[in-house]
Chemist: 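Handing you this structure, nothing more for now.
Chain identifiers are assigned alphabetically (A, B, ...) following the order of the sequence lines, protein sequences preceding nucleic acid strands; residue numbering begins at 1 within each chain.
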Protein chains: 2
Amino acid sequence: MLIQHPSLRLPITAADRVLLEIQRAIVAGEITAGSKISEPELAKQFDLSRAPLREALARLERCHLIERIPNAGARVVKLSTKGLLSLYQLRETLEGLACRLAAEHMADSEIAELRQLLDQHLSTQRVREGESYYQEAGDLDFHYRVILGSKNDYLINILCDELYYLVRMYRVQLGMNGPRVSRAFDEHKAILNAIANRDGELADLLMRRHIAASRRNIEKQLEQTGS
Amino acid sequence: MLIQHPSLRLPITAADRVLLEIQRAIVAGEITAGSKISEPELAKQFDLSRAPLREALARLERCHLIERIPNAGARVVKLSTKGLLSLYQLRETLEGLACRLAAEHMADSEIAELRQLLDQHLSTQRVREGESYYQEAGDLDFHYRVILGSKNDYLINILCDELYYLVRMYRVQLGMNGPRVSRAFDEHKAILNAIANRDGELADLLMRRHIAASRRNIEKQLEQTGS
DNA sequence: ACTGTCAACATTGTCGACAATTAGACTAAA
DNA sequence: TTTAGTCTAATTGTCGACAATGTTGACAGT
């Protein structure tokens, strides 16, 4: 029951396919962070010409997964504490806004569906206690729906298309599967209640706290890891 | 004394040149809003092949000036009240955040330069009373510096690269040269003082108000014009 | 008159090759 | 040994042509 990604363009072209594949590989860390991207090599690897590949690279740059320098090539971004902090600063503000707008604009039916989703998460969570499933899919799915509920196209685009994959990259590569799962669930529930009560201000505040808590959790993980 | 645009990549390629040209033409309204973009036609017009042109189109899509549908072509975005509202909702939040961060991170020397810039604006404004110069260049230059002062790369990228041209497009095509100039100047001054006092919270608030006022001003203009 | 089908056209997506630029190795001089 | 310069090789930027897809108009059937 995955929600439709807004940027999924219906006529799927070769560039789209290779984009999704590379995106996944970078997020998963299969293409090492900081490593150079060779256009001819990737083209051969995916068995297509450089034209659609360059189209894909342009979109990878758009979601901050690679950095390109004219005439010098592209490199996979390197994760850093500074980058993580900047990213989460933005998310706190933007998803807070999304929450406030969602409280204003979400239809009652959408709110009901969101509640249903949370119930579903609860049961799944009980079954797979301690696994990273919730963080990987469930959490992001909840955030997704709230963002879409804001009904602000620019906001949706920035959060779901441009920052989303980077957030996932930090989570995946830092191994986010800690004990924050159950607490995060409670926070989601509180946010949903605020939205359902049409209390945009509270929803904003709770979402900011939720993301700040998530950030601190990752920072702790980062300290332990070293880098 | 224009400030360096962060996205100005040093080795300027053909794609860069045509991008800047089309960008300008769309913002200025020379390419009508809502009109279709023909790749072969534009390629002939700028006397280059379609490869760099498509690169330029990809970046135009990135800053929301055009919308592309696979296998069906690109269209210049249409301005709308809903879009304007969404855009300014975002700006209020994002530039507010930028202000708060700027109050924390700007060096004293940068603040001094910003004050100098405002003094310069004052004299220019007195000379060209009522003209749109201030709104066109000065105001944006002030906002630019504050955004850069936030030192948050993602935030800078979103505001300066992705939303900036769209904001200009609304301003230019709605003929923003009203009597808000002098009031805007005072607001800038108050924002700068808050930043200089390292009062991030106040700077945030003042910037939000400043942009909200600007939005109401444009909305009024939009009602008069009709659609 | 209206609708559905089909064919010709135009436009976009993709390809392989060439030109322009850069990175890296190697040489030579301080 | 270090450093500056040069040259080669590899990579990126650009080009023109072909394939795939979408659009437009005419035409036939209802």
Chemist: Using the side-chain heavy atoms of B:Arg54, tell me which of these nucleotides is nearest: C:dT12, D:dG13, D:dT12.
Modeler: C:dT12

Chemist: Got a list of protein N/O to nucleotides 17-22 of chain D N/O distances below 3.5 Å?
Modeler:
residue, atom, partner, partner atom, Å
D:dG22, O4', B:Asn71, O, 3.4

Chemist: Rounded off to whole Å, could you give me the NZ-to-C1' distance for the B:Lys44 and C:dA10 pair?
Modeler: 13 Å

Chemist: With nearest nucleotide decided by heavy atoms, which residue, B:Ile37 or A:Asp47, maps closer to the 5′ end of DNA chain C?
Modeler: B:Ile37

Chemist: When the distance from CZ of B:Phe46 to P of D:dC15 is rounded to whole Å, what number comes out?
Modeler: 14 Å

Chemist: Given D:dT12, D:dT14, C:dC15, identify the nucleotide with an atom nearest to the side chain of A:Ala51.
Modeler: C:dC15

Chemist: My understanding is that only one of B:Arg216, B:Arg208, B:Arg215 makes a salt bridge (Lys or Arg N to Asp or Glu O under 4.0 Å) with B:Glu92; could you say which?
Modeler: B:Arg215

Chemist: Please report, rounded to the nearest Å, how far the P atom of D:dT23 is from the CD1 atom of B:Ile69.
Modeler: 8 Å

Chemist: Taking the minimum atom-to-atom distance to the side chain of A:Thr13, which one of C:dT14, C:dT12, D:dC15 wins?
Modeler: C:dT14

Chemist: Output, in order, the C-alpha distance, side-chain angles, deciding distance and verdict of salt bridge (charged side-chain N to carboxylate O under 4.0 Å, His left out) for B:Arg59 and B:Glu55.
Modeler: CA-CA 7 Å; B:Arg59 292 195 219 154; B:Glu55 171 85 24; 3.4 Å; yes

Chemist: Working to the nearest 0.5 Å, report the span between CG of A:Leu90 and CD1 of A:Ile158.
Modeler: 8.0 Å

Chemist: Roughly, in whole Å, what's the span from CD in B:Glu39 to P in D:dG16?
Modeler: 15 Å

Chemist: Please work out the stems of DNA chain C from pairs that are Watson-Crick or G-U wobble with both distances under 3.5 Å, keeping only runs of three or more consecutive pairs.
Modeler: C:1-30 with D:1-30

Chemist: Heavy-atom count check: over 12 atoms from other residues, nucleotides or ligands less than 6.0 Å from A:Lys36 NZ?
Modeler: yes

Chemist: List the residues meeting salt bridge (Lys or Arg N to Asp or Glu O under 4.0 Å) with B:Arg75, not counting sequence neighbours, and say none if there are none.
Modeler: none

Chemist: Atom CD of B:Glu55 and atom P of C:dT12: how far apart are they, to the nearest Å?
Modeler: 17 Å

Chemist: For the pair B:Glu110 and B:Lys151, find out whether any cationic side-chain nitrogen is under 4.0 Å from an anionic carboxylate oxygen.
Modeler: yes

Chemist: Does OP1 or OP2 of C:dT14 have a side-chain N or O of A:Ser49 closer than 4.0 Å?
Modeler: no

Chemist: Have B:Glu162 and B:His64 got a donor and an acceptor in their side chains that come within less than 3.5 Å?
Modeler: no

Chemist: Quick one: A:Glu41 CD to D:dA10 C1', roughly how many Å, whole number?
Modeler: 13 Å

Chemist: Run the ring-centre check on B:Tyr170 versus B:Tyr88 and record whether the distance is less than 6.0 Å.
Modeler: no

Chemist: Please determine, for the side chain of B:Arg68, which listed nucleotide (C:dT12, C:dG13, D:dT12) has the closest atom?
Modeler: C:dG13

Chemist: So, is B:Lys36 near the phosphate of C:dT12, with a side-chain N or O under 4.0 Å from OP1 or OP2?
Modeler: yes

Chemist: Please give me the minimum heavy-atom distance between A:Arg68 and A:Ala74, naming the atom from each residue.
Modeler: CG-CB, 3.7 Å

